[in-house]
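Working notes, structure below.
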There are 2 protein chains.
Amino acid sequence: MDPKSELPLALRAAYHALHRTSDARFAEHGVTADQFVLLATLARGDALTQRELAARMPSDPSTVRAMLVLLEKRGLVERNTHPTDNRARTVALTKAGQQKYQQVWKAGQSIREQMVSSLTAQEARSLVKLLRQVAQSQADNSPVMATASTETGN
Amino acid sequence: MDPKSELPLALRAAYHALHRTSDARFAEHGVTADQFVLLATLARGDALTQRELAARMPSDPSTVRAMLVLLEKRGLVERNTHPTDNRARTVALTKAGQQKYQQVWKAGQSIREQMVSSLTAQEARSLVKLLRQVAQSQADNSPVMATASTETGN
DNA sequence: TATTGTTATACTCTATAACTATA
DNA sequence: TATAGTTATAGAGTATAACAATA
């Protein structure tokens with residue numbers, strides 16, 4: 001009845017449904033849905049540092065590091081010294097990583113098709129926009145940033 | 001640009017943002033965001049079996065069982081024999097579980113407020129509807145149900 | 001001093017498969 | 001035969017805190 005109460009659960013249910021079908025589909029390629037997101041993030045922006053990668057996924061730097069260790073062992077990802085900042089390391093897909101990414105992207109094609117097939121073109125565009133607004137609202141909330149003007153009665 | 005490509009990542013980003021702010025907010029109450037979903041599911045439907053609970057969350061029965069073991073240890077949940085089916089066990093909140101649920105529900109109030117504050121009332125309603133369509137589309141995909149009419153070129 | 005990344009550590013969630021007991 | 005739940009097991013993701021090296 002009340003969108004305010006239902007939105008969080010609806011968001012969770014939709015994401016979990018996507019996550020599970022993706023994991024199932026990607027399993028035969030040996031990558032998880034989250035690993036695919038990491039690969040996809042690397043595929044679109046090159047030579048990111050680990051922190052940049054974490055920020056874009058989005059995820060936690062130490063979580064990303066754990067994932068990178070796994071992917072590096074399997075030769076899908078490589079980490080090199082940063083050209084100008086010796087603290088940092090750049091992360092990039094290896095040749096094998098690029099191939100794997102394209103493979104899994106194709107494997108996920110029908111999942112994405114199925115997803116938008118339940119929507120009109122306009123609904124799909126609208127949904128993406130609304131999801132971004134929601135994500136942004138949480139990002140504004142998440143940092144230390146005390147409860148400023150967000151106090152509510154009830 | 002292309003909603004079909006962006007929708008999965010936008011959905012993930014929005015959910016993760018919500019999940020992280022929720023975990024952070026609920027931490028002082030000693031429950032995770034996922035545990036809260038379980039408590040909330042029990043709070044609205046009484047005397048569910050474990051399978052019903054898993055189906056509604058939604059989640060995997062064995063995942064739910066692991067969560068129940070944790071929550072039972074802490075006295076928030078109790079499992080009893082099913083009145084008519086001796087295989088099954090009914091799950092319900094204890095008194096302490098009900099209190100905890102209400103506590104955490106209140107703690108999450110401002111998160112939910114913040115979430116809908118980024119949307120008009122109509123957008124919020126629309127978003128819930130679209131998320132359900134998306135979740136449904138994945139549910140149709142998820143079971144064994146081979147690739148029937150979902151084949152696509154590209 | 002602040003920042004990047006590493007290390008150590010711990011816990012939750014997730015899921016499969018083999019199994020027991022009951023329907 | 002099918003279903004509800006348990007057990008054992010494994011791995012992935014998540015995150016915090018202390019630390020080293022560099023900016």
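Proteins come first, then strands; the chains are lettered A, B, ... in the order of their sequence lines, and each starts at number 1.
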Over how many whole Å does the gap from [X] atom [atom1] to [N] atom [atom2] extend?
X	N	atom1	atom2	answer
A:D23	D:dA12	CG	C1'	9 Å
B:E28	D:dA15	CD	P	17 Å
A:F36	D:dA12	CZ	C1'	18 Å
B:D34	C:dT14	CG	C1'	10 Å
B:R74	C:dT12	CZ	C1'	12 Å
A:D60	C:dT12	CG	C1'	15 Å
B:R79	D:dG5	CZ	P	9 Å
B:Q35	C:dC11	CD	P	13 Å

Check: Under a single-linkage definition using a 4.5 Å side-chain heavy-atom cutoff for Ile, Leu, Val, Met, Phe, Trp and Tyr, are A:L11 and B:L9 assigned to the same hydrophobic cluster?
Finding: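 No, no single cluster joins them.
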Next item on the list: Would you kindly confirm whether B:L39 and B:L18 end up in one hydrophobic cluster when ILVMFWY residues are joined by side chain heavy atoms under 4.5 Å apart?
Entry: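 No.
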Notebook entry, point to check: Hey, what bend do you get for the helix from C:dT1-D:dA23 to C:dA23-D:dT1 if you fit axes on five pairs at each end, rounded to 10°?
Noted result: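 Answer for the end axes of this duplex: 10°.
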Options [options], nucleotide nearest the side-chain atoms of [X]:
X	options	result
A:Q50	C:dT14, D:dT14, C:dG5	C:dG5
A:T32	D:dT6, C:dG5, D:dG13	D:dG13
A:D85	C:dT14, C:dT4, D:dG5	C:dT4
B:M67	C:dT14, C:dT6, D:dT6	C:dT14
A:T63	C:dT14, C:dT6, D:dA15	D:dA15

Residue-phosphate contact under 4.0 Å: [X] side-chain N/O, [N] OP1/OP2:
X	N	value
A:R51	C:dT4	yes
B:H16	D:dT14	yes
A:R65	C:dT4	no

Item checked: Pairwise 5' ranking along DNA chain C for A:R12 and A:R89, keeping only the more 5' one ->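 The residue whose closest nucleotide sits nearer the 5' end is A:R89.
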Checklist line | Touch class at under 4.0 angstrom, heavy-atom based, for B:A88 against every strand present | finding: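 Since only primed, P, OP1 and OP2 atoms lie under 4.0 Å of B:A88, the category is sugar-phosphate.
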Check: In terms of the angle between their ring planes, are A:Y101 and A:F36 parallel, tilted or perpendicular, with boundaries placed at 30° and 60°?
Finding: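 Rings of A:Y101 and A:F36: parallel, under 30°.
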Notebook entry, point to check: Would you say B:K100's side chain and B:H29's backbone share a donor-acceptor pair under 3.5 angstrom?
Noted result: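 Looks like yes, one N/O pair under 3.5 Å.
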Notebook entry, point to check: Atom CD of A:E123 and atom CD of B:Q133: how far apart are they, to the nearest 0.5 Å?
Noted result: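 A:E123 atom CD to B:Q133 atom CD measures 5.0 Å (nearest 0.5 Å).
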Check: If you measure from CZ on B:R132 to CG on B:L127, what distance do you get to the nearest 0.5 Å?
Finding: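 B:R132 CZ to B:L127 CG: 10.5 Å, rounded to 0.5 Å.
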Notebook entry, point to check: Hey, is the side chain of B:S62 pairing donor to acceptor with the base of C:dA15 inside 3.5 Å?
Noted result: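 A donor-acceptor contact between them is present.
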Check: D:dT3 base to B:R87 side chain: any donor-acceptor pair below 3.5 Å?
Finding: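 Such a pair is found, so the answer is yes.
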Next item on the list: Consider only side-chain N and O atoms of B:T32 and B:D34, and report whether a donor and an acceptor are under 3.5 Å apart.
Entry: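 Checked: B:T32/B:D34 side chains show no N/O donor-acceptor pair below 3.5 Å.
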Note to self: Using the rule given for side-chain hydrogen bond (donor to acceptor under 3.5 Å, both in side chains), can you reason through B:R79 versus B:Q50, listing the C-alpha separation, both sets of side-chain angles and the distance that settles it, and then say yes or no?
What the structure shows: CA-CA 9 Å; B:R79 291 184 285 175; B:Q50 294 186 195; 2.9 Å; yes
Check: Between A:N86 and B:E52, which has a closest nucleotide on DNA chain D that is more 5'?
Finding: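 Its nucleotide being nearer the 5' end, the pick is B:E52.
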